[in-house]
Structure formats: C-alpha cells, structure tokens
Amino acid sequence: MRVNQLHPWPTSAEEAEAIQERLRLHVELTGPTEFTLVAGLDVHYHGDDDVAAAVVVLSTTAPAPAPASSVTDDRAGSVAGRVAGGLVVVEQVVVRGKARFPYVPGLFAFRELPALVEALERLTVTPDLLVCDGYGLAHPRGFGLACHLGVLTGLPAIGVGKTHFVGTHDTPAPARGAWTPIDLNGSTVGRALRTQQDVKPVYVSQGHRITLDTACAEVLRLSPYHRLPEPIRKADHLARHGDL
DNA sequence: GCGACAG
DNA sequence: ATCTTGTCGC
C-alpha cells in the first residue's frame with residue numbers, strides 16, 4: 001500500500017515534539033464502524049537498535065466460533081492461514097532495520113515508525129484498520145503511535161497498550177467487556193477495557209478516523225480468546241520468530 | 001523537589 | 001523492549 005512520505009526526521013526531542021504538535025491537527029475522531037481487513041502491527045527488538053517490524057493482515061469476515069472446550073488447541077495458530085476467532089491471514093510482512101531514535105516516553109513512535117512504514121509499504125493489500133501496539137490519543141500531547149500511523153496512512157487506527165501510561169482510571173469490573181474511562185486533564189482519552197474475565201485490562205485509545213466506542217468494540221471482537229487482539233498477537237509472533 | 005514514564 | 005528462575009495450570 002501507499003504511505004505518505006515521512007516528514008523530515010527529527011534529530012532532537014524538541015523537533016520530534018514539534019512534529020507531533022503539527023500532525024495532531026490532522027487526527028479525526030470519527031469514521032467507519034465496520035472493518036474487514038484488519039492489520040496488526042508490532043516491533044521486536046534485538047539488542048539496542050536492531051528491530052524487526054511485522055504487519056499481519058487478517059480477514060475478519062468469518063464469524064468467531066464459540067470458545068467452547070477448545071481453548072487449548074489453537075493457541076499456536078493452526079491450519080494454513082487460520083487463526084483463532086475465525087480470522088484468516090491474508091498477508092504478512094517482516095522488515096528488519098535499525099531504531100533511529102532513542103526510547104523516550106512520549107516519543108516512542110519515532111523508534112518504530114520507519115520500520116513499520118516500510119512494512120506497510122510492502123503490503124499488496126490495503127487494510128481497513130490498523131491495530132497498533134501502543135497508545136493513540138491517550139498520550140501527553142494527544143499523538144501516540146496509533147495516531148501517527150493513522151495520519152501517515154490515512155487509515156482508521158486504534159492504539160492498544162498493555163500497561164498504564166497517562167491519565168487516571170478506576171479498575172473495571174472483572175467481566176469481559178467491562179471498561180472504565182481514562183481521564184487526562186478532565187477529558188476522556190481512552191478506556192481500560194477488560195478483554196477477558198479476570199485478566200488485566202488493556203488500554204484502548206483512538207488513533208485516527210474511529211470513535212472510542214467503535215475502537216473498543218473492535219478490540220473486543222478481535223480478542224475472542226486472549227488478552228490481546230489476535231492481529232497484534234500474530235504480528236508479535238511474526239516479529240520475533242517469523243524471519244530467523 | 002520527587003516519582004512516574006507506551007515499547 | 002529485554003535479561004532470567006521457578007512455579008502453576010491445562
């Protein structure tokens with residue numbers, strides 16, 4: 001797929017923050033409510049600056065089979081292209097590269113962006129939705145990785161974080177689907193969402209062209225058996241074992 | 001001033 | 001993120 005050209009690469013934290021402040025004005029908080037081709041993105045690190053970026057595109061048309069009694073058999077994937085939840089792998093790409101920015105909370109996107117963009121450009125299909133490993137709106141300047149990728153591609157994007165980052169929130173009820181708002185300076189920037197009963201919640205925030213309601217509904221739909229959405233689990237697996 | 005701080 | 005041992009559960 002085609003991705004907008006990367007802006008001039010920042011050489012300092014100040015420049016990186018200025019880019020975020022500028023691009024944040026392009027974020028849209030409404031968009032489609034249904035998606036068929038969903039891409040999961042993740043990056044794996046080797047040593048200090050070697051990275052492997054993975055993108056896995058799943059077709060989500062088939063209905064998710066009932067969890068029933070078979071939670072143990074398909075955890076490692078299974079028959080050709082089939083993934084848990086009735087999802088099917090349409091395409092996958094891995095790109096090895098170097099991290100071109102130090103890790104700084106709030107500027108995390110600049111570490112993974114170049115490799116992820118290259119991986120997206122190698123895709124022959126264009127996804128309807130990007131599910132990113134990290135935050136979107138729930139960010140100190142309201143422009144996390146999911147927003148950045150959304151704006152560069154023009155695609156709807158969701159950020160799914162595994163740990164608390166910004167704002168405050170109450171603990172959601174233990175049931176799958178339960179959630180509480182994440183508040184930052186008096187406004188809601190995301191939700192702590194329980195994707196499995198009695199399992200730690202994930203932190204969902206809008207990236208681009210999607211509402212918070214739709215983002216959470218998608219994360220739930222894409223997480224039939226595990227804490228994390230299948231596209232991200234698949235991308236994570238590919239980034240670390242896929243290409244060696 | 002001190003601690004916290006996506007991956 | 002990654003570095004690790006041990007422990008628990010299916």
Side-chain angles (χ1 to χ4, degrees), chain A residues 13 16-17 19-20 23-24 27 40-55 67-76 78 84 94-117 119 130-151 157-169 182-185 189-193 195-208 212 215 219 225-229 231-233 235-244:
Chain A
E17 289 176 7
I19 289 170
Q20 292 181 327
L23 292 184
R24 74 187 294 189
V27 171
L41 326 212
D42 192 33
V43 172
H44 185 247
Y45 292 80
H46 299 68
D48 243 18
D49 55 356
D50 290 315
V51 301
V55 180
S69 54
S70 58
V71 183
T72 50
D73 62 12
D74 60 20
R75 303 210 152 176
S78 47
V94 188
V95 167
R96 279 181 148 291
K98 296 281 183 183
R100 309 196 169 211
F101 209 81
Y103 172 66
V104 180
L107 299 179
F108 163 64
F110 292 93
R111 246 175 120 54
E112 308 198 333
L113 221 43
L116 285 174
V117 166
L130 304 181
V131 181
C132 311
D133 186 19
Y135 279 74
L137 246 203
H139 174 277
R141 282 169 296 283
F143 197 76
L145 174 67
C147 297
H148 213 137
L149 281 167
V151 167
I158 299 173
V160 180
K162 295 185 286 293
T163 62
H164 168 77
F165 182 31
V166 292
T168 59
H169 66 88
I182 298 172
D183 178 276
L184 182 61
N185 302 317
V189 294
R191 288 178 189 166
L193 173 67
T195 54
Q196 296 296 322
Q197 178 147 30
D198 297 320
V199 169
K200 280 194 306 178
V202 295
Y203 300 83
V204 179
S205 57
Q206 298 159 85
H208 185 50
L212 186 51
V219 169
Y225 306 134
H226 303 278
R227 179 185 180 226
L228 294 176
I232 286 184
R233 297 185 76 243
D236 177 272
H237 186 264
L238 181 62
R240 56 203 312 167
H241 309 130
D243 178 54
L244 304 176

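In what follows, chains are A, B, ... by sequence order, proteins preceding strands, each numbered from 1.
- A:Glu17 places its CD atom 19 Å from the P atom of B:dC5, with the value rounded to the nearest Å.
- Dense packing is recorded around CZ of A:Arg227, with more than 12 heavy atoms of other residues, nucleotides or ligands lying under 6.0 Å away.
- The distance from atom NE2 of A:His46 to atom CZ of A:Arg240, rounded to the nearest 0.5 Å, is 9.5 Å.
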*Toss me the dot-bracket line for DNA chain C: Watson-Crick and G-U wobble, both under 3.5 Å, 5' to 3', using | for pairs to another strand and [ ] for crossers.*
..........
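- One interatomic measurement links the two molecules: NE2 of A:His139 to C1' of B:dC5, which rounds to 11 Å at whole-angstrom precision.
- Atom NE2 of A:His164 and atom C1' of B:dG3 are 12 Å apart (whole Å).
- The shortest side-chain heavy-atom distance between A:Phe143 and A:Val151 falls under the 4.5 Å cut-off.
- Regarding A:Tyr203, its OH atom lies at a distance of 10 Å from the P atom of B:dC5, rounded to whole Å.
- The minimum heavy-atom distance linking A:Asp42 with A:Ala239 is given by the pair O-CB, 4.2 Å.
- A sub-4.0 Å separation between OP1 or OP2 of B:dG7 and a side-chain N or O of A:Lys162 is present.
- With rounding to whole Å, A:Phe165 atom CZ is found 15 Å from B:dA4 atom P.
- A:Tyr45 comes within contact range of the sugar-phosphate backbone alone, with a heavy-atom separation under 4.0 Å but no base atom that close.
- Spacing between atom CG of A:Asp42 and atom P of C:dA1 amounts to 8 Å, rounded to whole angstrom units.
- Taking atom CG of A:Asp236 as the reference point, atom P of B:dA6 lies 17 Å away to the nearest angstrom.
- Counting any heavy atom pair closer than 4.0 Å across all strands shown, A:Gly47 reaches no nucleic acid atom.
- From A:Ile182, atom CD1 reaches atom NE2 of A:His169 across 6.0 Å, with rounding to the nearest 0.5 Å.
- When the side-chain nitrogen and oxygen atoms of A:Thr163 are compared with OP1 and OP2 of B:dC5, none of them lie within a distance under 4.0 Å.
- When the nucleotides B:dC5, C:dT2, B:dG7 are ranked by their closest atom to the side chain of A:Asp133, B:dG7 comes out on top.
- Across all strands, A:Leu107 comes closer than 4.0 Å to base atoms (heavy-atom distances).
- In this structure, the separation between CG on A:Leu41 and CG on A:Leu145 is 7.5 Å, given to the nearest 0.5 Å.
- Contact annotation for A:His44: backbone-only contact, meaning every heavy-atom pair under 4.0 Å involves sugar-phosphate atoms and none involves a base.
- One can place CG of A:Leu228 at 16 Å from P of B:dA6, the figure rounded to the nearest angstrom.
- Of the inter-residue distances, the one linking A:Leu212 atom CG with A:Ile158 atom CD1 reads 9.5 Å to the nearest 0.5 angstrom.
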